[in-house]
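These notes are about the structure you will find just below.
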Amino acid sequence: MACIYFLDEIELDMKSLSLSSNSTVMTTLNAFLNESKLHLKQIHTESIQEIITKTEQWYAQCFHTQTHHNTRFARALLLSKQPVKRALSSSNAVLRDGIRIGVILVLFLWLLWDIFVDNYTLSSPFVLVSETGAFRLYRGLGCFLLVDWNWIVCCFIWDKYRVNFTFLLYSPSIKVSQKLRDTSNNTIVYLISVILYYKVLLGGVLSNTLRPGFFPTLALSFSILRAVFPWSNTHLWFYNSMFFSFLSFLPFFPVTFLVSFFTDWMSSLVRPISDLLCGFCYVYHFISNPHSSDIDLTDECFNINTFQHIILPIISILPLFLRFIQSLKQYISTKSKFPSLLNALKYAVSMITVLFGIFHSFASSNQSMFRVLWLSMFTFNSLFSYCWDILVDWKLCNMKYSFLRERLMYPSDTFYYASIAFNLIGRFIWLLTLIPLQQSDGNQDIFPWDINGWKKVVISPTFLMICEIIRRSIWSLLRVENEHQVNDYGFRLFDYVPMRFESIEESNSGVETDQQLKDNGNEWKSNLRTACELCIMAALLFYLCIVVIKYDPK
């Protein structure tokens with residue numbers, strides 16, 4: 001269609017020329033244009049697809065004998081971006097990124113040392129991390145940082161294999177390098193805050209001058225500030241997505257792929273969101289009474305009936321309810337029972353299962369029938385959601401194509417098979433993150449069986465939250481890839497999705513021109529900035545090392 005439009009434009013330009021319509025030149029050009037348009041109109045989508053398939057097969061046979069002429073591997077290479085030739089001065093940015101990653105690894109190992117070594121040898125009595133007052137606040141912030149890191153990986157993979165996520169999610173062009181720098185800085189601040197909080201709690205550094213709640217309050221304030229500043233198109237996209245997702249149950253708000261995608265992510269972040277609410281409560285009580293102990297703040301926030309019986313159920317049910325309404329609206333707009341109505345049924349069953357698990361306990365012996373009923377609903381819902389992910393959201397398990405699908409945009413079969421296997425366990429984990437694993441008194445839990453003490457590890461809320469974020473990230477990779485190729489849900493008026501290519505601005509964003517390379521002033525500023533960051537980080541690490549050496553617990 002673009003070629004035909006181009007030829008029409010040429011024909012209009014010809015008519016504007018001062019040539020006679022009977023001239024030999026005009027006659028020849030008109031004949032050529034008419035013949036070209038006739039040939040173009042005879043080309044159908046199927047024939048173009050055949051040409052593409054033959055080209056991929058030819059490329060695989062000629063250049064990929066080592067992969068046994070793997071057509072899909074050749075297709076992935078054809079779609080992959082060629083590395084952009086960076087300017088020499090961009091090595092400073094790479095160096096800074098490497099330093100940030102190194103600092104994060106050092107701080108993370110330091111935190112593990114404090115928890116598992118210093119806690120056993122220096123503290124009396126032993127301080128369990130999960131029983132500290134700010135644990136839920138830090139766990140919630142850490143989960144959202146993990147979401148940021150997973151989002152960076154997803155954007156990098158989509159960008160590399162030409163999955164047009166910016167088109168499907170209406171998102172601005174995301175510079176992975178800039179996002180990596182921002183997330184690294186946030187992670188460094190987070191880890192320093194956790195380390196200082198834990199040392200104050202153990203009676204070490206600054207324990208005589210600062211209360212333990214000071215550092216969690218500082219970390220939450222910094223996170224709120226970073227959620228707004230510096231303002232960018234990515235922030236605007238995120239808050240717009242949140243706004244339209246929350247109001248998607250209203251009849252005059254359309255249901256798009258972005259809205260459904262964002263709401264599905266909300267259902268995976270129920271526990272981190274509830275942890276952040278507990279964190280706000282913790283900070284509020286600390287500001288109101290700065291001299292209260294860490295344990296008193298814990299009792300004030302986490303054991304109130306309003307949170308357990310009102311706020312937590314609303315947070316758990318709201319994403320499922322929104323997806324239920326969105327599916328019904330999709331059925332009304334598309335007039336198609338599949339997949340919209342069946343998808344609505346899936347979320348209805350999930351809501352019933354979650355409400356049943358929140359408002360009923362099953363540890364009493366006289367409620368064994370209810371326990372069997374709930375476990376049956378739990379198993380059915382998890383398997384139903386798993387099958388839906390594989391067969392509908394990902395379009396996999398086609399026996400004709402080795403339990404995959406005809407066209408795949410990622411080159412590795414192992415990635416698809418591993419995703420199918422992990423998602424089976426992940427779907428059970430997802431449902432566990434929506435319900436409390438214990439009664440409010442903490443004495444009885446929902447699964448009374450334990451095998452060699454592994455239950456505390458396997459169904460630990462922290463472990464479940466991390467696994468669910470990873471599962472949702474893998475789901476996102478395959479869901480967006482499948483939406484790029486098919487339009488089963490009817491989110492778009494047309495099926496075609498253009499391939500993702502770098503715009504001129506994007507491709508030039510990391511490449512400096514010759515004039516810029518000759519600009520010694522810019523290069524000098526870049527080198528000075530790198531040196532300053534190195535000095536600051538080295539001084540910070542040196543100070544912390546001196547503090548640890550001088551630390552003498554009594």
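Note that the numbering runs from 1 along the sequence shown for the chain.
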Take the angle between the ring planes of [X] and [Y] and call it parallel below 30°, perpendicular above 60°, tilted in between.
{"X": "Phe321", "Y": "Phe249", "result": "tilted"}
{"X": "Trp237", "Y": "Trp151", "result": "parallel"}
{"X": "Phe261", "Y": "Phe257", "result": "tilted"}

Mind running side chain to side chain donor-acceptor pair (under 3.5 Å) on Ser232 and His235 for me, showing each step along the way?
-> CA-CA 5 Å; Ser232 64; His235 288 84; 2.9 Å; yes
Within-4.5 Å side-chain heavy-atom neighbours: [X] and [Y]:
{"X": "Tyr489", "Y": "Ser260", "result": "no"}
{"X": "Val163", "Y": "Tyr410", "result": "yes"}
{"X": "Ser248", "Y": "Arg323", "result": "no"}
{"X": "Trp430", "Y": "Ser385", "result": "yes"}
{"X": "Thr187", "Y": "Asp148", "result": "no"}
{"X": "Phe262", "Y": "Phe238", "result": "yes"}
{"X": "Phe378", "Y": "Phe428", "result": "yes"}
{"X": "Asn423", "Y": "Trp394", "result": "yes"}

Taking all non-hydrogen atoms of both residues, which atom of [X] and which atom of [Y] are closest, and how far apart?
{"X": "His484", "Y": "Arg162", "result": "CE1-O, 3.7 Å"}
{"X": "Val392", "Y": "Asn482", "result": "O-ND2, 3.6 Å"}
{"X": "Leu477", "Y": "Cys154", "result": "CD2-CA, 3.7 Å"}
{"X": "Tyr282", "Y": "Pro216", "result": "CE2-CB, 3.9 Å"}
{"X": "Pro319", "Y": "Val270", "result": "CG-CG2, 4.4 Å"}
{"X": "Pro272", "Y": "Phe144", "result": "CB-CE1, 3.7 Å"}

Would you say Tyr284 has more than 12 foreign heavy atoms packed within less than 6.0 Å of its OH?
->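 No - once you tally the heavy atoms of other residues, nucleotides and ligands closer than 6.0 Å, there are 12 at most.
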Would the number of heavy atoms belonging to other residues, nucleotides or ligands and lying under 6.0 Å from OH of Tyr239 be above 12?
->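 Yes, the 6.0 Å shell around OH holds more than 12 heavy atoms from other groups.
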Rounded to the nearest 0.5 Å, the OG1 atom of Thr263 sits from the CD atom of Gln326 at a distance of 4.0 Å
Spacing of Leu408 atom CG and Phe415 atom CZ [to the nearest 0.5 Å] =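 Atom-to-atom, Leu408:CG and Phe415:CZ are 10.5 Å apart.
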With side chain to side chain donor-acceptor pair (under 3.5 Å) as the test, would you mind laying out the steps for Asn164 and Thr166 before giving the verdict?
-> CA-CA 5 Å; Asn164 202 342; Thr166 57; 3.0 Å; yes
Side chains of Arg100 and Ser184: do they bring a donor and an acceptor to under 3.5 Å?
->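 Checked: Arg100/Ser184 side chains show no N/O donor-acceptor pair below 3.5 Å.
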Using distance alone, with no hydrogens and no angle criterion, decide if Ser193 and Tyr138 have a side-chain donor and acceptor under 3.5 Å apart.
-> yes
Pairing of Glu481 and Arg405 as salt bridge, 4.0 angstrom limit =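 The answer is yes: the pair qualifies as a salt bridge.
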Indicate yes or no: does Lys179 engage Asp182 in a salt bridge with an N to O separation below 4.0 Å.
-> no
Donor-acceptor pair, distance only, cut-off 3.5 Å: does the side chain of [X] make one with the backbone of [Y]?
{"X": "Ser336", "Y": "Phe338", "result": "yes"}
{"X": "Ser382", "Y": "Thr379", "result": "no"}
{"X": "Asn343", "Y": "Pro339", "result": "no"}

Dump the intermediate steps for side-chain contact (heavy atoms from CB on, under 4.5 Å) on Trp388 and Leu342, then the final yes or no.
-> CA-CA 9 Å; Trp388 188 271; Leu342 200 58; 3.5 Å; yes
